[in-house]
Amino acid sequence: MTTPSLTPAQDHAHADAGSAAIEAFLKPKSIALIGAAPAEQRSIRGALMRVLRRGGFDGRIVPVNPSYAEINGIPCYPSIGAVGFAVDLAVIAIPAAFVCDAAAECAAAGVRAAIIISSGFAEESAEKAHLQLRLSEIARRTGMRICGPNCEGFYNLLDGVAATFSAAAEPAETENQAIVGAGRVAVVAQSGGLGFAMLNRGRALGLDFTHIVTTGNECDLTAVDFIGHFATDAVIKVIIAYLEEIRDVAGFRLAAERARASGKMIIVVKIGQSEPGRRAALAHTGSITGAAADLDAMFADLGVLLAVEADEAVAAALACVTNPMSGGRRVGIVTTAGGAGTVLCESLAGAGFAIPALSEPLQSSLRPTFPAYGSAANPVDVTAQGIFTGGAMRALEVLLDGDEVDLVVFAATLSGERSISIDTDALRGLAARSAKPVLIYSYTLPSGFARQALWRAGLPVFAHIRDLVAAAHALTFDRRRRAGRLAETGLHSS
């Protein structure tokens, strides 16, 4: 007997119902910590309490551990069944042998969803895989949604729900400022460490995040479920996903199509391009990565950008949330150091970008604005004096207003701890009125002072050329997607 396929209306209704369940999962009003420990304890269970409290959760925290009468001033219960009131989410962090029983007890107590932090399931051995299958059965039978096992939980930054033990979710004494006016980013990762690493690395570059969700071995809820939910979230502009296996290919296709329809970019770090990577994924989360060529073709067809590793994904996201898409691959470079311009030329040209020589009339209009030992060709080397004589801003203006390049890179030194030589207001004005992307590269390590000044102007800063090249790829990839052409699938050669 064949199973009837869903109609488009039924398909969307099913997706909407799943999204409502994800929304409830991410916004609990009460959280039980199964295996709770004092926040000061140096352990994963202690960190769960500490991070949840410091993250700003304003709901009810319910510690569950028969070894304590209270934890950090909060009454502690011997079991979830003894709580006596409804709990939205349980975070389970106890030895694997006891997890299935704890999950069943949570479901019996009316808990709506659970995160299983504990490891020791399919990623460990075939013998332990039966425990994971039992968790899947509990989810199907009871309707309680389960994330994990072997995950680091999630961080909903919009609502202050840090249901994780990751130190990356703990607020710093001085919070990093995000780039003003930039779009926001959600991360979905089958690796807890990599998921929260992207939060840590992205914040350092000024990215503004909505959610970090880690899914581990995916006995029930999968990365695709969360990607599908974020695909229609009006606040989110870019979704970064770290995937070792796509367990629901049809669901991923639907999620990617919905993201494309709502103008969102999906950037995927997909493991499985190499045999060592496939072996590592199997040992990490028990994932079978799938045929790389088939997945690459699917990503290209869906307009999904493929990154090699986390830094490239973060750089691509940084470009997409701060810039318009590029109309082509012709790059104009303005630099205050000839060497920096030369290296940028080599790197961008090697990555398939064109660095066209500027027309003679355009060069003639630029030469009076900087010293004679500079160059009006492309790169436009205005020299260090060009910052002060107006040559840099004039060159940027001409390139952005003209039709000889599609994307502009400005290279300067931004190492000053107390001052910045760039007129950030003028630069912001130029970028705001132009339909072309502007990428800023600091050939010295940029200071926090300089980054903050440019972030207030709505401009990102790239400290590494590889990241800048990844950003340029992202800004040109989307144009080819919208034009309906089968684009190259990533930031590396396949």
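Not counting sequence neighbours, the partners of T413 by the side chain to side chain contact (heavy atoms under 4.5 Å, CB included) test are S415, Y443, T444. By the side chain to side chain contact (heavy atoms under 4.5 Å, CB included) test, R433 is found to be paired with E397, D401, L430, residues two or more places apart in sequence or in another chain being considered. Remark: E346 engages no residue in a side chain to side chain contact (heavy atoms under 4.5 Å, CB included) (not counting sequence neighbours).
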Assess the residue pair V249 and M298 against the criterion (side-chain contact (heavy atoms from CB on, under 4.5 Å)); give the C-alpha distance rounded to whole Å, side-chain angles, the decisive distance to 0.1 Å, and a yes or no. CA-CA 9 Å; V249 174; M298 180 182 74; 3.6 Å; yes
Give the intermediate values and the outcome of side-chain contact (heavy atoms from CB on, under 4.5 Å) for residues V314 and D467.
CA-CA 8 Å; V314 167; D467 292 345; over 6 Å; no
Evaluation steps, side-chain contact (heavy atoms from CB on, under 4.5 Å), between R428 and T424:
CA-CA 6 Å; R428 175 178 55 191; T424 55; over 6 Å; no
Carefully, step by step, assess V304 and F252 under the rule side-chain contact (heavy atoms from CB on, under 4.5 Å). CA-CA 11 Å; V304 171; F252 182 86; 4.2 Å; yes
- [ ] Show your reasoning for whether ring-ring contact (aromatic ring centres under 6.0 Å, His included) applies to F353 and H473.
- [x] CA-CA 9 Å; F353 291 89; H473 268 299; 5.2 Å; yes
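Between the side chain of T389 and the backbone N or O of T369 there is at least one donor-acceptor pair closer than 3.5 Å. Between the S262 side chain and the A259 main chain, a donor and an acceptor come within less than 3.5 Å of each other. Panel note: side chain T335, backbone G338; no donor-acceptor pair is recorded below 3.5 Å. Side chain of N323 to main chain of C320: no donor-acceptor pair is present (N/O by atom type, distance under 3.5 Å, no hydrogens or angles). With hydrogens and angles disregarded, a donor-acceptor distance shorter than 3.5 Å links the side chain of Q363 to the backbone of L358. Of the possible polar contacts, one joining the N378 side chain to the P356 backbone as a donor-acceptor pair under 3.5 Å is found. E312 places no side-chain N or O within donor-acceptor distance of the main-chain N or O of A470, the cut-off being under 3.5 Å. Judged by distance alone, the side chain of Q190 and the main-chain N or O of E244 form a donor-acceptor pair under 3.5 Å. Looking at K436, its side chain does come within 3.5 Å of a backbone N or O of G402 through a donor-acceptor pair. Without hydrogens or angle criteria, S191 side chain to L194 main chain gives a donor-acceptor distance under 3.5 Å.
Atoms CZ and SG, on F121 and C219 in that order, are 8.0 Å from each other to the nearest 0.5 Å. The distance from atom CD1 of I333 to atom CZ of F410, rounded to the nearest 0.5 Å, is 12.5 Å. Rounding to the nearest 0.5 angstrom, the gap separating the OH atom in Y155 from the CG atom in L52 is 10.5 Å. If you take OG1 on T164 and CG on N156, they are separated by 12.5 Å, rounding to the nearest 0.5 Å. In this structure, NZ in K237 is found 13.0 Å from CG in D208, a value given to the nearest 0.5 Å. Separation of atoms CG (D159) and NE2 (H211) is listed at 6.5 Å; rounding is to 0.5 Å.
The closest side-chain heavy-atom distance from L427 to L396 is below 4.5 Å. Between F230 and V187 the shortest side-chain heavy-atom distance does not fall below 4.5 Å. Inter-residue side-chain proximity for I115 and C151 is flagged as met; some heavy-atom pair is nearer than 4.5 Å. Between L468 and L348, some side-chain heavy-atom pair lies under the 4.5 Å cut-off. At least one side-chain heavy atom of S359 sits under 4.5 Å from a side-chain heavy atom of E404. Side-chain contact check for K264 versus V238: every heavy-atom pair is 4.5 Å or farther apart. Side chains of V380 and L366 form a contact here, defined as non-hydrogen atoms less than 4.5 Å apart. Annotation: side chain of I116 is in contact with side chain of I146 (closest heavy-atom distance under 4.5 Å).
Residues A431 and V438 approach most closely at CB-CG2, 4.3 Å, considering heavy atoms. Residues V269 and A313 come closest through the heavy atom pair CG2-CB, 3.7 Å. Across all non-hydrogen atoms, the minimal contact from R451 to A463 is NH2-CB, 3.9 Å. When every heavy atom of A168 is checked against every heavy atom of L199, the shortest pair comes out as O-CD2, 3.5 Å. Across every non-hydrogen atom of V91 and A163, the tightest pair is CG2-CB, 4.4 Å. Smallest separation of non-hydrogen atoms from M265 and A474: CE-O, 3.9 Å.
Under the 4.0 Å criterion applied to side-chain N and carboxylate O atoms, R253 and E257 are not assigned as salt-bridge partners. Looking at R367 and E360, a side-chain N of the basic residue comes within less than 4.0 Å of a carboxylate O on the acidic one, giving a salt bridge. Taking 4.0 Å as the cut-off between side-chain N and carboxylate O, K270 and D296 do not count as a salt-bridged pair.
Of the candidates T214, V188, I239, V188 is the only one forming a side-chain contact (heavy atoms from CB on, under 4.5 Å) with F226. Screening V405, D406, V331 for a side-chain contact (heavy atoms from CB on, under 4.5 Å) with S326, the sole residue that qualifies is D406.
A cation-pi arrangement is not found for R145 relative to F25, the charged atom failing to lie both closer than 6.0 Å to the ring centre and inside a 45° cone about the ring normal.
Residue R201 qualifies as open at atom CZ: its count of foreign heavy atoms under 6.0 Å is 12 or below.
Inspection of the N150 and S119 side chains reveals an N or O donor paired with an N or O acceptor under 3.5 Å.
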